[in-house]
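To start, the structure itself, in structure tokens.
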Amino acid sequence: MPDIFEITLLSLQVSALATIVSLLIGLPLGTWLALGEFRGRAFILSIVNTGMALPPVVVGLVVAMTLWRSGPLGDFRLIYTPWAIIIAQTVIAAPVVTGLTAAALASLDPRLSLQLLGLGASRGQMVWTLWREARLPLLAALMAGFGSVISEVGASMMVGGNIRGQTRVLTTAIVLETSKGEFERALALSALLLAITYLINLALTWVQQKGARR
Amino acid sequence: MKCLAVILISAFCLLLFACAPKPSNPNLILATTTSTQDSGLLDVLIPLFEEEYGYTVQTVAVGSGEAMKMGEEGNADVLLVHAPSSEVAFMDAGNGKDRFLVMHNDFIIVGSASDPAGIKGIDSATDAFKKVYEAGAQFITRGDDSGTHKKELALWKSAAMDPAGRAWYLETGQGMGASLTIANEKSAYILADRATYLANKDNLQLEILVEGDTSLLNVYHVITVSPDKWPKANYKGALAFAKFMIAEATQKIIGEFGLEKFGQPLFYPDADKTDADLGL
């Protein structure tokens with residue numbers, strides 16, 4: 001397979017970008033859900049937690065219907081581009097990051113934030129300190145978010161179209177090789193996907209454990 | 001504890017015997033192409049077969065490439081596929097026992113009404129492909145080794161053109177329905193089987209541009225997986241299914257399938273013909 005490098009690179013780029021966007025959404029949103037006191041908080045949390053179990057094909061279907069020419073965002077011509085995959089994967093990963101962020105911060109001692117404020121910390125400083133305090137579970141949230149999108153196939157297939165040289169990623173390539181009956185190639189690609197996921201998680205775990213010892 | 005297990009197991013065996021239909025091995029794995037499944041034909045035929053012969057059919061709808069691979073590795077009992085040249089190779093390699101001509105439908109070249117390459121109404125599929133190539137108009141290929149994909153490649157070959165790697169030649173690696181949707185979104189040309197096109201027509205703005213050429217025939221054969229190579233394959237069931245597919249009553253149902261809904265049949269029964277009649 002000559003395009004294997006290209007496919008792998010696209011997989012990484014797309015999933016990394018989707019994870020970063022999910023982090024930008026999930027970290028503040030999860031913090032707000034964990035620390036805020038307002039009506040409907042439990043309801044929103046339950047929605048987010050359900051979102052953590054969103055089936056990728058369902059996300060793919062809805063995003064595809066939105067991005068199709070006949071859909072409301074059809075004029076942007078995003079369907080069957082890597083951007084479409086990034087959007088769908090963000091929808092998948094954002095609830096994971098949000099929910100786990102909320103859980104990580106909620107598990108901190110509630111007196112900590114009161115004490116920080118009492119010591120004269122600004123709200124921003126307080127949140128920053130809480131994030132530092134909860135950095136281990138927050139890194140776990142990041143890993144879970146990345147893991148949910150790098151391994152996802154249903155949405156990538158539907159909104160990306162698995163177009164060779166444009167939107168073919170590792171998971172959709174595995175589906176294709178399987179459907180061709182090229183089981184060895186499918187297995188080789190699977191091994192590559194697992195190896196990459198492992199290396200990334202190894203790096204993140206290393207950062208996490210280093211943080212733990214400090 | 002042991003006593004209870006014995007009772008349970010004997011009760012289970014009794015239950016199995018009580019419900020067991022005629023065949024000794026009632027499970028039959030049919031590997032077929034997505035096109036027969038997507039058209040809905042199998043939803044009509046398989047219940048009839050199951051009722052008549054007492055088998056439970058497990059239909060695995062994949063590309064012809066994977067279907068034949070399943071047969072080759074003994075993971076299926078019977079195949080219903082449409083890739084004649086690969087099928088001949090499959091039989092020559094001793095992977096199959098019987099092979100019968102079942103039916104055909106046809107491929108069509110569809111595209112948007114704007115027709116940038118100007119192929120509408122051309123009789124020869126090869127000429128139409130040449131024009132698409134010369135115009136460099138967007139063309140969607142399945143690229144999944146399916147029967148349809150192989151047909152498309154054969155047409156490029158007979159047009160003496162090689163579109164591989166061209167920017168306008170997009171490979172989706174997906175099934176017919178999904179690929180048609182992509183062609184629709186991109187206003188691209190695509191080779192499709194008529195059944196899937198008709199079944200999806202309401203969601204598409206694609207028109208039939210080229211049809212009727214004998215090189216566009218899509219011929220289905222039923223193949224039983226060789227029991228000599230795979231003794232575990234359910235050959236009895238496979239043969240029963242193959243015979244069922246070419247039986248007169250079934251052939252009549254095939255010929256009438258889709259007539260009511262689409263105004264034209266989706267498949268043409270061919271059990272009384274030979275490969276040569278269809279130009280194979």
Check your understanding: Got B/Thr181 and A/Trp68 here, is their nearest side-chain heavy-atom distance under 4.5 Å?
Key ->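 Touching, per the 4.5 Å side-chain cut-off.
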Distance in Å, [X] [atom1] paired with [Y] [atom2], rounded so as to fall on 0.5 Å steps:
X: A/Glu177; Y: B/Asp145; atom1: CD; atom2: CG; value: 8.5 Å
X: B/Asp144; Y: A/Asn162; atom1: CG; atom2: CG; value: 9.5 Å
X: A/Ile163; Y: B/Lys186; atom1: CD1; atom2: NZ; value: 4.5 Å
X: B/Glu185; Y: A/Leu67; atom1: CD; atom2: CG; value: 9.5 Å

Other residues, nucleotides, ligands: >12 heavy atoms within 6.0 Å of [X] [atom1]:
X: B/Lys229; atom1: NZ; answer: yes
X: B/Asp92; atom1: CG; answer: yes
X: A/Phe183; atom1: CZ; answer: yes
X: A/Tyr198; atom1: OH; answer: no
X: B/Met161; atom1: CE; answer: yes
X: A/Trp83; atom1: CH2; answer: no

Review point. Using non-hydrogen atoms only, which part of A/Met158 is less than 4.5 Å away from chain B: side chain, backbone, both, or neither?
Key: neither
Review point. What part of A/Thr178 lies closer than 4.5 angstrom to a heavy atom of chain B: side chain, backbone, both or neither?
Key: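 Contact with chain B is through both the backbone and side chain of A/Thr178.
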Return the option, out of [options], with the maximum number of heavy-atom pairs under 4.5 Å with chain A.
options: B/Lys69, B/Gln174, B/Glu171; result: B/Glu171
options: B/Gly143, B/Gly63, B/Ala178; result: B/Gly143
options: B/Thr141, B/Thr172, B/Val62, B/Leu170; result: B/Thr172

Review point. Using non-hydrogen atoms only, which part of B/Thr33 is less than 4.5 Å away from chain A: side chain, backbone, both, or neither?
Key: neither
Revision key, fill the gap. The interface call for B/Gln205 against chain A, heavy-atom contacts under 4.5 Å, is side chain
